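Some notes on the structure that comes next.
Predicted, not measured: the structure shown is a model, and the values here were computed from it. Quick note on labels: first sequence line is chain A, next is B, and so on, each numbered from 1.
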Amino acid sequence: MLDISFIRENREQVEKAITNKGEKDTSVVEKVLSADEEWRAKVHEGDLLRSESNTKSGKIGQLMSQGKKEEAQEIIKETSAMKEQIKEIEEEVKKLRIERDNLLLRIPNVPHPSVPVGVTEEDNEIFKTWGTPNESEWRKPHWELTERHGWVDFERGVKVTGAGFPFYVGGVAQLQRALINYFINEAAKAGYIEMQAPYFVNEDSARGTGQIPDKEDMMYEIPRDGFFNIPTAEVPVTNYHRDEILENKDIPKKYVCHTPCWRREAGSYGKDVRGLNRLHQFDKVELVKIVRPEDSYDELESLREHAEGLLEALELSYRTLLMCTGDMGFTQSKKYDLEVWSPGQKRWLEVSSCSNFESFQARRMQLRYRKDEKEIEILHTLNGSGLALPRVVSALLEAYQEENGKVRIPEVLKPFIGREYL
RNA sequence: GGAGAGGUGGCUGAGUGGCUGAAAGCGCUCCCCUGCUAAGGGAGUAUACCUCCAACGAGGUAUCGAGGGUUCGAAUCCCUCCCUCUCCGCCA
């Protein structure tokens with residue numbers, strides 16, 4: 001959610017942001033401004049009336065205690081008349097407020113000036129490439145390897161739950177656990193506080209990070225209890241400090257959290273979802289930062305570098321994309337995607353997405369800090385995967401396979417597994 | 001899940017219809033006093049929104065778990081929900 005006064009003062013910039021993010025109709029800005037004006041006028045009208053009524057009610061109290069019942073009766077008549085009017089205005093205020101806020105929630109975050117303007121993924125900028133994508137023909141896709149070794153059981157996953165909920169068995173289960181440990185350890189070294197979070201969140205939390213409204217279809221729901229399964233640890237971890245005013249000395253906050261993630265992924269099919277490429281449940285280690293506004297872009301770079309460092313330590317070739325305005329999503333102001341090279345599939349797989357939300361999420365969730373004695377300011381939030389597990393696993397299996405079908409264990413993971421081959 | 005108790009400011013805790021945005025204490029900030037230090041005195045110390053102002057600032061409204069209701073007027077009375085605690089049940 002953008003600041004309404006920011007929209008008031010930077011109307012053209014906001015309209016341009018909407019266009020650049022791929023929405024043709026910018027009339028929502030016009031609408032939100034006029035709704036806001038209407039709302040403010042009504043609020044003022046109500047405030048004045050209530051003030052008058054409060055004064056009169058006070059007088060009634062005085063008169064009553066002095067025993068002047070008749071005089072009091074006079075005023076009671078007056079205030080009774082006002083009562084209905086106040087109620088009416090209050091209802092209108094409420095209606096206008098909801099109207100304004102609904103419009104406000106439909107305005108996307110404004111992209112940072114450094115973000116390339118574009119429409120589709122074609123327009124994303126290749127920010128950097130690390131390593132050389134291995135093109136050798138003999139390398140098999142990971143699903144052949146996992147099948148041969150019995151490492152991932154898709155069929156029984158279907159039987160027990162449904163498509164997209166595989167079992168990991170033996171080597172790959174071990175590998176995933178090793179990766180999770182490695183990722184968390186690295187984050188801890190970099191100053192992130194390790195956290196374990198709930199796997200369900202309530203509606204307020206889903207709204208806080210921007211999953212609702214509009215993106216509730218991505219989440220699994222537990223309607224009986226009013227919960228959503230988390231689609232990413234971003235949701236519980238960022239909401240951890242929702243509705244709080246943090247002390248200046250406690251900023252920045254940096255958290256690392258491993259959770260399973262559930263996503264309905266409606267409408268996807270074909271080779272995109274083959275093997276481990278796209279699942280309904282997957283594990284991810286997530287990095288979340290809550291920082292001072294003036295630091296957020298530096299923090300985005302260090303977040304990206306941290307995630308890149310993990311792939312480098314695993315010696316997996318990757319590239320980093322700077323997402324263009326049209327491909328970056330509603331809530332972000334700047335976003336990098338990290339894509340690892342999958343030598344068996346000969347394609348890039350997204351394994352991390354590092355974003356700065358500026359104050360967009362923090363404003364929704366009233367996440368603030370005391371800047372000094374006089375001022376309280378909205379914080380900036382960021383998050384990035386560090387990293388998403390299944391695609392790292394597939395790239396790893398494919399990259400570390402040998403022609404005889406065996407899979408070597410990367411150097412940095414050996415301490416966790418304790419042998420040469422998986 | 002059943003029975004009972006309760007949710008007030010950064011914390012502790014008063015407050016059962018008007019003078020309570022809220023006593024008192026603690027904490028914190030600033031000032032004063034004091035050379036003897038686990039001392040004393042004073043002032044200040046919630047958040048959001050609206051209006052006015054070039055600005056410093058001034059004024060108003062709302063908020064005592066959340067939402068609704070009663071009333072001229074609600075922290076205080078009524079209803080619903082959420083949460084916490086105690087006992088019982090269940091349980092990794």
Side-chain angles (χ1 to χ4, degrees), chain A residues 1-9 32-105 196-208 212 222-228 236 239-251 253 260 359 361-379:
Chain A
M1 185 167 77
L2 291 175
D3 183 3
I4 183 72
S5 58
F6 175 85
I7 300 175
R8 245 181 260 150
E9 285 154 30
V32 81
L33 287 175
S34 72
D36 179 55
E37 210 157 303
E38 248 186 281
W39 170 75
R40 269 155 49 204
K42 208 39 111 178
V43 164
H44 193 223
E45 192 184 337
D47 280 359
L48 289 178
L49 204 61
R50 218 177 291 111
S51 168
E52 196 185 333
S53 152
N54 284 345
T55 311
K56 287 188 171 168
S57 289
K59 250 180 230 157
I60 293 168
Q62 279 182 339
L63 292 171
M64 288 294 223
S65 61
Q66 291 164 13
K68 296 177 182 167
K69 278 210 168 158
E70 270 141 51
E71 282 176 57
Q73 274 308 321
E74 282 301 303
I75 304 179
I76 287 176
K77 257 185 222 160
E78 289 173 36
T79 44
S80 309
M82 294 173 78
K83 198 183 161 186
E84 201 148 310
Q85 208 184 340
I86 290 172
K87 206 168 169 184
E88 248 169 58
I89 291 175
E90 270 173 359
E91 261 158 44
E92 279 176 73
V93 165
K94 202 167 159 188
K95 212 182 83 196
L96 289 167
R97 175 78 197 238
I98 291 169
E99 207 177 300
R100 188 198 78 166
D101 286 351
N102 283 341
L103 289 164
L104 206 49
L105 287 174
Q196 293 178 340
Y199 297 164
F200 305 154
V201 293
N202 59 31
E203 211 177 289
D204 285 341
S205 298
R207 191 174 298 106
I212 51 177
I222 302 167
R224 182 167 169 179
D225 298 291
F227 297 144
F228 295 95
N239 274 283
Y240 182 65
H241 291 294
R242 171 155 53 81
D243 292 319
E244 291 183 20
I245 299 173
L246 302 175
E247 292 304 324
N248 198 341
K249 65 175 164 56
D250 297 331
I251 310 296
K253 293 273 188 192
S359 59
Q361 293 182 326
R363 184 169 298 103
R364 281 191 195 203
M365 61 176 96
Q366 286 298 295
L367 168 48
R368 297 162 293 171
Y369 80 111
R370 200 174 296 280
K371 193 174 181 183
D372 50 54
E373 292 105 43
K374 299 200 85 173
E375 206 180 340
I376 285 169
E377 193 172 36
I378 308 264
L379 286 156

Q.
Under 3.5 Å for both donor-acceptor distances, Watson-Crick or wobble: does B:U34 have a partner, and if so which one?
A. none
Q: Would you mind telling me which of B:G68, B:U47, B:U71 lies closest to the side-chain atoms of A:Lys94?
A: B:G68
Q. Quick one: is A:Asn54 getting a side-chain N or O under 4.0 Å of the B:U61 phosphate, OP1 or OP2?
A. yes
Q) Counting any heavy atom closer than 4.0 Å, what does A:Met64 reach on the DNA or RNA strands: base, sugar-phosphate only, or nothing? A) base
Q. With a 4.0 Å cut-off on heavy atoms, is A:Arg370 in touch with a base, just the backbone sugar-phosphate, or nothing at all?
A. sugar-phosphate
Q | Base-pairing mate for B:C77 - Watson-Crick or G-U, with both contacts under 3.5 Å | A | B:G69
Q) Which is true for A:Ile75 with a 4.0 Å heavy-atom rule: it touches a base, it touches only sugar-phosphate, or it touches nothing? A) nothing
Q: Starting from the C-alpha separation in whole Å, work towards a yes-or-no answer on side-chain contact (heavy atoms from CB on, under 4.5 Å) for A:Val32 and A:Asp36.
A: CA-CA 6 Å; A:Val32 81; A:Asp36 179 55; 5.6 Å; no
Q: Could you check which nucleotide pairs with B:U29 in any of the strands shown, counting Watson-Crick or G-U wobble with both distances under 3.5 Å?
A: B:A43
Q.
Using atom C1' in both nucleotides, what's the gap between B:C32 and B:C85 to the nearest angstrom?
A. 46 Å
Q: Could you measure between the two P atoms, the one in B:C79 and the one in B:A3, and give it in whole Å?
A: 16 Å
(Q) Can you identify which nucleotide, out of B:U61, B:C72, B:C49, has its nearest atom closest to the A:Val43 side chain? (A) B:C49
Q) Mind checking who B:G9 pairs with, Watson-Crick or G-U wobble, both distances under 3.5 Å? A) none
**Q.** B:G27 versus B:G67 - spacing of their C1' atoms, nearest Å
**A.** 34 Å
Q. What pair of heavy atoms forms the shortest contact from A:Ala362 to A:Leu379, and how long is it?
A. CB-O, 3.1 Å
Q: State whether a side-chain donor-acceptor pair under 3.5 Å links A:Asn202 with A:Ser205.
A: yes
Q: Determine the contact category for A:Ile376: base if any of its heavy atoms lies under 4.0 Å from a base atom, sugar-phosphate if only primed atoms, P, OP1 or OP2 are that close, otherwise nothing.
A: sugar-phosphate
(Q) Which is more 5' along RNA chain B, the nucleotide nearest A:Arg40 or the one nearest A:Ser51? Just name the residue. (A) A:Arg40
Q.
Using OP1 and OP2 only, check whether a side-chain N or O of A:Lys77 sits under 4.0 Å from B:C72.
A. no
Q.
Heavy atoms from C-beta onward define the side chain here; which of B:C50, B:C72, B:A62 lies closest to that of A:Ile60?
A. B:C72
Q | Closest nucleotide among B:U51, B:C72, B:G60 to the A:His44 side chain | A | B:U51
Q | Phosphate-side-chain proximity, A:Arg368 and B:A48, N/O vs OP1/OP2 below 4.0 Å | A | yes
Q) More 5' along RNA chain B: A:Ile4 or A:Thr55, using each one's nearest nucleotide? A) A:Ile4
Q: Provide the distance between the two C1' atoms, one in B:U8 and one in B:A46, to the nearest whole Å.
A: 13 Å
Q | P spacing across the pair B:C88 / B:C81, given as an integer number of angstrom | A | 26 Å
Q: Return yes if some donor-acceptor pair links the side-chain N/O of A:Arg364 with the main-chain N/O of A:Arg207 below 3.5 Å, else return no.
A: yes
**Q.** Contact under 4.0 Å: A:Lys83 side-chain N or O vs B:G73 OP1/OP2
**A.** yes
Q | Lys/Arg-Asp/Glu bridge criterion (N-O < 4.0 Å) met for A:Lys56, A:Glu52 | A | yes
Q. With a 4.5 Å heavy-atom cut-off, do A:Arg97 and A:Lys42 have their side chains touching?
A. no
**Q.** Interatomic distance where CD1 belongs to A:Ile245 and C1' belongs to B:A46 [whole Å]
**A.** 8 Å
Q) Considering only the P atoms, how many Å lie between B:G18 and B:C78, rounded to the nearest integer? A) 16 Å
Q.
Applying the Watson-Crick and G-U wobble criteria at under 3.5 Å, what pairs with B:A3? Answer none if nothing qualifies.
A. B:U86
**Q.** Spacing of the C1' atoms in B:A66 and B:G7 (rounded, Å)
**A.** 12 Å
Q. Rounding to the closest angstrom, what is the interatomic distance between B:U29 and B:C83 at atom C1'?
A. 34 Å
Q. Does B:A22 have a Watson-Crick or wobble partner in any strand here, with both distances under 3.5 angstrom, and which is it?
A. none
Q.
Could you tell me if the side chain of A:Glu74 sits less than 4.5 Å from the side chain of A:Glu71, heavy atoms only?
A. no
Q: Assign A:Thr79 to base, sugar-phosphate, or nothing according to its heavy-atom contacts below 4.0 angstrom with the strands shown.
A: sugar-phosphate
Q | Residue matched to B:U51 through Watson-Crick or wobble contacts both under 3.5 angstrom | A | B:A58
